[in-house]
Amino acid sequence: MTSPYNPQITEAKWQKIWAEKECFKAVEDSDRPKYFVMSMFPYPSGRIHMGHVRNYTLSDVVARYKRAQGFNVLHPMGWDAFGLPAENAARDKGVHPSTWTHENIATMRRELDSMGLALDWSREVTTCDPSYYQHQQKLFLDFLKADLVYRKESWVNWDPVDHTVLANEQVIDGKGWRSGAVVEKRKLSQWFLKITDYAEELLNGLKSLDRWPDKVRLMQENWIGKSEGIEFSFQISGGGLPENSKLPVYTTRADTIMGTSFAVLAPEHPYALRLADSHPDIAAFIEDCKKMDTTEASLEKMEKKGIHTPYTVLHPLTGESLPVYIGNFVLYGYGTGAIKSAPAHDQRDFDFATRYGLPIRPVITGSDVKEGEPYAKKGIVINSGPELDGLTSDAAISKVIRMMESKGIGQGRVNFRLRDWGVSRQRYWGCPIPIIHCESCGVVPVPEKDLPVTLPEDVTFDTPGNPLDHHPTWKHVSCPSCGKPARRETDTCDTFVDSSWYYARYCSAKDTTQPVDKNKADYWLPVDQYVGGVEHAILHLLYARFFARALQHTGHISVTEPFTGLFTQGMVCHESYKGADGAWLYPEQVTKNPDGRAVKSADGSPVTVLRGDKMSKSKCNVVDPSKIIAGYGADTARLFMLSDSPPERDLEWTESGIEGGWRYVNRLWKLAEETAERGATETPNEKAAQTQRVIHRTIAQVSDSYERFHFNSAVAKIRELSNALEGLNAQNPSESGILREGVETLTQLIAPMLPHVAEEMWERLGHKTLLIETPWPKANPALLVENSVTIAIQVNGKLRATLTLPRDVQGTEVEAAALAQESVQRALDNKPPKKKIYVPNKVLNIVA
RNA sequence: GCCCCAGUGGUGGAAUGGUAGACGCGGCAGACUCAAAAUCUGCUAUCUGCAAGGAUGUGGGGGUUCAAGUCCCUCCUGGGGCACCA
C-alpha cells in the first residue's frame with residue numbers, strides 16, 4: 001500500500017532538519033578542497049519572482065552536487081538593500097526606507113526558505129546595515145589613500161525625476177535607466193573611482209576567465225574599448241588664437257593622413273566655446289548640439305551637421321592649409337575632442353564632407369572599393385607620396401607614427417573608451433561617503449575611529465532632492481583636523497559599490513573589526529562559480545573585477561579575479577495575451593478553443609497570443625512563485641526550472657510543464673514506496689543485469705551533465721533511468737535487488753535538483769543517515785562497458801542496416817556480416833565496394 | 001551601421017564530425033471506471049506504400065569529408081549587445 005506524497009509536509013520537515021543540524025554552515029577547513037558558489041544577491045523589492053527562483057535553483061544544484069562530491073562548499077546569500085525604490089516607497093507610501101527594506105527582506109527570506117536552498121545564512125550580508133557599510137566606508141578611505149579615489153568637477157547627467165546623477169552608462173537613449181526621465185546636464189563636484197588605472201589589466205584579465213561565457217568577455221572587451229593610434233597636433237591659427245597654438249587630435253587610422261582635408265572640433269571643445277562670444281551663429285549651433293547630445297544623440301538618422309570656423313590648421317606633413325569646423329558628431333569625452341578627417345574612409349567624415357562640399361581624396365584602395373561610398377576597411381595606400389604608396393594600412397600606420405614622432409609632432413598612444421566611475425549619488429538610501437568638508441582644511445577623511453558614519457533615521461521625503469542635505473543637524477560637524485565647524489559629505493555611494501565586494505565580505509561576514517579577514521578570504525576566494533542574469537554582464541561584473549584589484553592593492557585580499565566561473569542564465573518568459581483593443585489580458589481572462597485559437601472569455605473577441613515575452617506586470621503574464629510552491633511544492637518548481645530548457649537560454653513557463661514535473665515527483669515517490677521493503681539478493685536475471693548497466697551508465701552521464709551545466713539533459717537521463725526501473729518487478733527476487741540499487745542511485749542523482757523528495761525517499765528506503773551527508777555515487781567502470789554493440793552500416797554515407805555484434809569485433813567480420821545483408825546488397829546494386837571505413841564499435845561505411 | 005548568438009517534429013528541446021529527433025509537453029488509441037478525474041500501456045518527423053520497404057528531412061544556397069545538425073563560405077530570418085568611440 002502506498003501513501004500519497006505530500007510536498008507541504010515533507011518539504012517543511014526536511015528544511016527544519018537541515019536547519020537544525022546546520023548542514024549548510026560553511027567552516028574553513030584546509031584539509032578539504034573548497035568550492036565557493038554564489039548567486040547574484042537580490043534587491044529586496046518585495047517578493048521573489050521566477051527569475052530569482054531560476055537563479056537560486058541553479059546555484060543550489062551546483063552547491064549540492066559539489067557538496068556530495070566532497071567539496072567544502074560555501075553557498076551564501078545576502079541583500080542588495082540600498083537603492084532608490086526604497087526612497088520612492090517612502091515618498092509614495094510614507095514608510096521609512098529602512099522599514100520598507102527590512103519588511104521586504106523578511107518576506108523574501110521566508111519565500112527563499114520555502115525553496116529549500118542549501119544556503120549558509122550565518123553569513124548573510126545586508127548592504128544597508130551599518131555592520132556592512134561601515135566596512136565599505138573603511139574601504140573608501142583605503143582607496144583614497146591609495147590614490148584610487150578623486151574628486152572632480154564635471155558635467156553630469158542629472159535625472160530630474162530621481163534627483164540624482166547618473167553614470168554615462170546608466171543613460172539610455174538620453175533617458176535615466178531607472179526613471180525614464182529625459183536627462184539634463186549639470187555641473188557638480190563628484191567622487192570618482194579610478195577604474196581607468198586598471199583598463200589594461202581588466203582587458204588582459206579577460207583572457208584568463210576561460211569559464212566565463214565568450215559573449216560576456218566580448219562585451220567587456222568592447223566596453224573597455226582599447227584602441228592604438230597616434231595623438232598629434234595641428235598648428236592652428238585664425239579666430240584670434242595666439243601664435244603657435246596647437247590642436248591635438250587622436251586617430252587610429254594614421255594611414256589615411258594624406259587624405260585629410262579638414263579638421264572638426266567637438267561642440268564643447270574650448271576652441272569652439274571661445275568663438276561663441278563673438279559669433280552668434282556658432283553660439284547657437286553649440287547650444288543646439290547640447291540639446292541634441294542629451295536627448296537625441298543616439299537617434300539613428302541624426303544628420304552630420306557642422307559650422308565653419310575662422311580657424312585654419314596646417315597639414316602636419318604637407319603644410320597645406322585646411323579648414324576647421326565644429327561638428328555635432330565629434331565627442332568631447334573621447335580622444336582629444338577633435339578629429340582629423342578621412343572623408344574617403346569614414347562614413348561620418350564622408351557624410352560631412354559631402355554635405356559641406358569638402359574635398360574627398362581616396363588614399364586607401366582595396367579589391368572591393370565602391371564608387372560613391374567611403375572605403376573604411378584597411379587596404380593599400382595610394383595617392384600619398386613615394387614614402388607611403390604601396391604600403392599596407394598597418395605598415396603605413398607604423399611608418400606615419402615613426403615619421404611624426406621623429407619630427408616631434410605626434411606620439412603613438414593607446415586610448416580607452418572606458419571612463420572613470422562616478423560613484424556620488426545625491427540620495428539618502430545609500431552608503432554615506434565618509435568625508436568632511438572644512439573651509440580651512442579642505443577635504444578631510446572621517447577618522448577611522450569615527451566610523452561608521454550612519455544615516456540619520458529622522459528624515460523626510462516631502463521635498464525633492466537629497467534628504468541628507470535637508471537634515472537640520474546631520475551634516476553639521478566639527479572638522480576632525482582643526483575642530484572648526486565643518487560639513488559632512490552628503491553624497492552617498494552608487495549601489496554598484498555595495499555589490500562590488502560582497503563576495504569578499506561573505507568570507508568573514510560577521511567580522512566587526514575589518515572589511516575582510518584575509519586568512520579566511522585566502523581560503524575561500526576566488527568564487528568558483530557565480531550565477532546570475534546576463535543583464536549584469538558589463539557594469540556589475542566589471543566593477544567587481546576592478547574592486548578585486550583595488551582590494552588586492554590595498555591588502556585586503558590576494559586574488560585578482562573575483563569570479564573564475566560565471567554562468568549567465570536566461571530569462572523566464574510566459575505567453576502574454578493581447579485583446580482586440582490592444583489591452584493586455586490576464587491568462588484567466590482568456591479561453592483557448594479546441595481549434596487552438598484564443599478568445600476573450602467575457603465576449604469571445606479574438607486574442608493575440610504572444611510567446612516568449614519576459615514576465616512583467618505590465619503584460620499581465622507574471623506567475624507568482626509562492627503560489628506554485630504552495631500548490632506543487634518547491635521540488636516541482638525547481639524541476640521545471642531545470643528540465644525544460646538549457647539554463648543559458650530563455651525559459652518559457654507553461655502550466656502543462658509544471659504539471660509534468662508534478663507527475664514525475666509523484667512517480668519517484670511511488671517508486672521508492674514500492675521498493676522500500678524489498679531488496680533480497682539473488683542472482684539477477686538478464687533484464688536486471690541489463691538494468692544494472694543502465695544504472696551505472698546513468699551515473700556517468702548525469703555526473704557529466706552536472707559538470708557542464710546541462711541540467712535539462714541530466715533530467716532526461718534520470719527519467720530514462722526511472723523508465724528502466726519501472727520495468728523491473730519488486731516482487732521478483734531476481735530483479736528486486738537491482739531495482740533497489742537503481743532506486744537508491746536514482747535518489748542520489750536527483751537530490752541536487754529535488755532535495756526534499758530525495759531526502760524523504762532516502763529515509764523511506766530505510767537509511768538512518770541523511771542523504772545530504774551521503775557521498776555522490778560512483779559508476780562501476782566494469783558495468784560501463786557493453787558486451788555487444790550496435791554498429792551502423794552505411795553505403796555511401798547512407799544508413800542501410802544496423803548490426804548487433806560482440807564488442808570489439810574484427811572489422812573484417814563486420815564487413816562480412818554487412819555484405820550478407822540484403823538491404824546492403826540492394827544499395828550496392830552489384831557494384832564492387834571501392835573502399836570501406838570502419839570506426840570500431842560504431843559505424844562501417846562502404847563506398848561503392 | 002558594427003559585433004555576437006541562435007534557427008532541428010505540432011511544441012520545449014537531445015545529439016565528443018559517426019544510427020538525427022533522447023527526454024518531456026501535447027495529440028491519438030487502449031486498459032481501469034457506472035462515469036469522470038487520476039493512473040497505467042502503446043503509437044506519434046514528412047511523403048509514399050496493404051505491407052516489407054522506399055524517398056525526403058536539422059532556415060536557403062554552395063563547399064570540405066568515406067561521413068556534416070555539428071567544420072568553412074554566402075545569404076535569409078529572429079534575438080541580444082554596442083553605437084557618431086575617430
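In the text below, chain A, chain B and the rest are named by the order of the sequence lines, each starting its count at 1.
- Of all nucleotides listed (C82(B), G54(B), C4(B)), C4(B) comes nearest to the side chain of Leu218(A).
- Between U56(B) and G69(B), the distance separating the two P atoms is 13 Å to the nearest Å.
- Remark: the separation of the P atoms in U8(B) and G63(B) is 24 Å, to the nearest Å.
- As judged by a 4.0 angstrom heavy-atom cut-off over every strand, Val330(A) is placed among the base-contacting residues.
- Ring-centre distance between Phe709(A) and Phe711(A): below the 6.0 Å cut-off.
- Surrounding NZ of Lys226(A) are more than 12 heavy atoms belonging to other residues, nucleotides or ligands, all under 6.0 Å away.
- Taking atom C1' on both A67(B) and G12(B), the two are 30 Å apart, rounded to the nearest angstrom.
- Ring orientation note: the planes of Tyr632(A) and Trp662(A) are nearly perpendicular, at an angle over 60° on the 30°/60° scale.
- When each of C85(B), C66(B), C25(B) is scored by its nearest atom to the side-chain atoms of Ser656(A), the top-ranked nucleotide is C25(B).
- Nucleotides U41(B) and C23(B) place their P atoms 13 Å apart, quoted to the nearest Å.
- Partner Leu749(A) forms a side-chain contact (heavy atoms from CB on, under 4.5 Å) with one of Ile718(A), Val715(A), Ile695(A) and no other, that one being Ile718(A).
- Taking atom P in both C72(B) and U64(B), one finds a spacing of 15 Å when rounded to whole Å.
- Using P as the reference atom, C71(B) and A14(B) are 15 Å apart when rounded to the nearest Å.
- For the P atom pair drawn from G13(B) and A22(B), the interatomic distance equals 15 Å after rounding to whole Å.
- Ring centroids of Phe262(A) and Tyr356(A) are separated by 6.0 Å or more, keeping the two rings apart.
- Counting non-hydrogen atoms under 4.0 angstrom, Gly660(A) reaches the backbone sugars and phosphates but no base.
- Residue-level contact check: Arg826(A) touches the backbone only, with heavy atoms under 4.0 Å from sugar-phosphate atoms and none from bases.
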For RNA chain B, the dot-bracket notation using Watson-Crick and G-U wobble pairs below 3.5 Å, [ ] for pseudoknot-type crossings and | for other-strand pairs, is (((((((..(((.....[....)))((((((.......))))))((((....))))..(((((..]....))))))))))))....
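- Pairing each heavy atom of Tyr664(A) with each of Ser722(A), the nearest pair is OH-OG, 2.7 Å.
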How far apart are the C-alpha atoms of Glu822(A) and Arg826(A), what are their side-chain angles, what is the distance that settles it, and do they pass the salt bridge (Lys or Arg N to Asp or Glu O under 4.0 Å) test?
CA-CA 6 Å; Glu822(A) 196 198 318; Arg826(A) 204 181 320 125; 3.5 Å; yes
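- Closest approach to the Asn723(A) side chain among C82(B), G24(B), G53(B) is made by G24(B) (side chain taken as heavy atoms from C-beta onward).
- The glycosidic torsion of G80(B) lies more than 90° away from 0, placing the base in the anti range.
- Applying the salt bridge (Lys or Arg N to Asp or Glu O under 4.0 Å) rule to pairs touching residues 644-657 of chain A yields Arg611(A)-Glu652(A), sequence neighbours excluded.
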Checking salt bridge (Lys or Arg N to Asp or Glu O under 4.0 Å) for the pair Lys378(A)/Asp394(A): CA distance, chi angles, key distance, verdict?
CA-CA 8 Å; Lys378(A) 289 185 174 177; Asp394(A) 287 328; 2.7 Å; yes
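- Distance NZ (Lys340(A)) to P (A86(B)): 11 Å, rounded to an integer number of Å.
- Comparing atom distances between the Arg667(A) side chain and each of G24(B), C82(B), C66(B) picks out G24(B) as nearest.
- If you check every strand for non-hydrogen atoms under 4.0 Å, Lys836(A) touches nothing.
- Going from atom CG of Asn222(A) over to atom C1' of C2(B) covers 10 Å, rounded to whole Å.
- Across all strands, Arg719(A) comes closer than 4.0 Å only to sugar-phosphate atoms, never to a base (heavy-atom distances).
- Nucleotides U74(B) and C4(B) are separated by 12 Å at their P atoms, to the nearest Å.
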For nucleotides 10-22 of chain B, give me one character per nucleotide, 5' to 3': B if any protein heavy atom sits under 4.0 Å from the base, S if the only such contacts are to the sugar-phosphate, - if neither.
-SSSSSB-BB--B
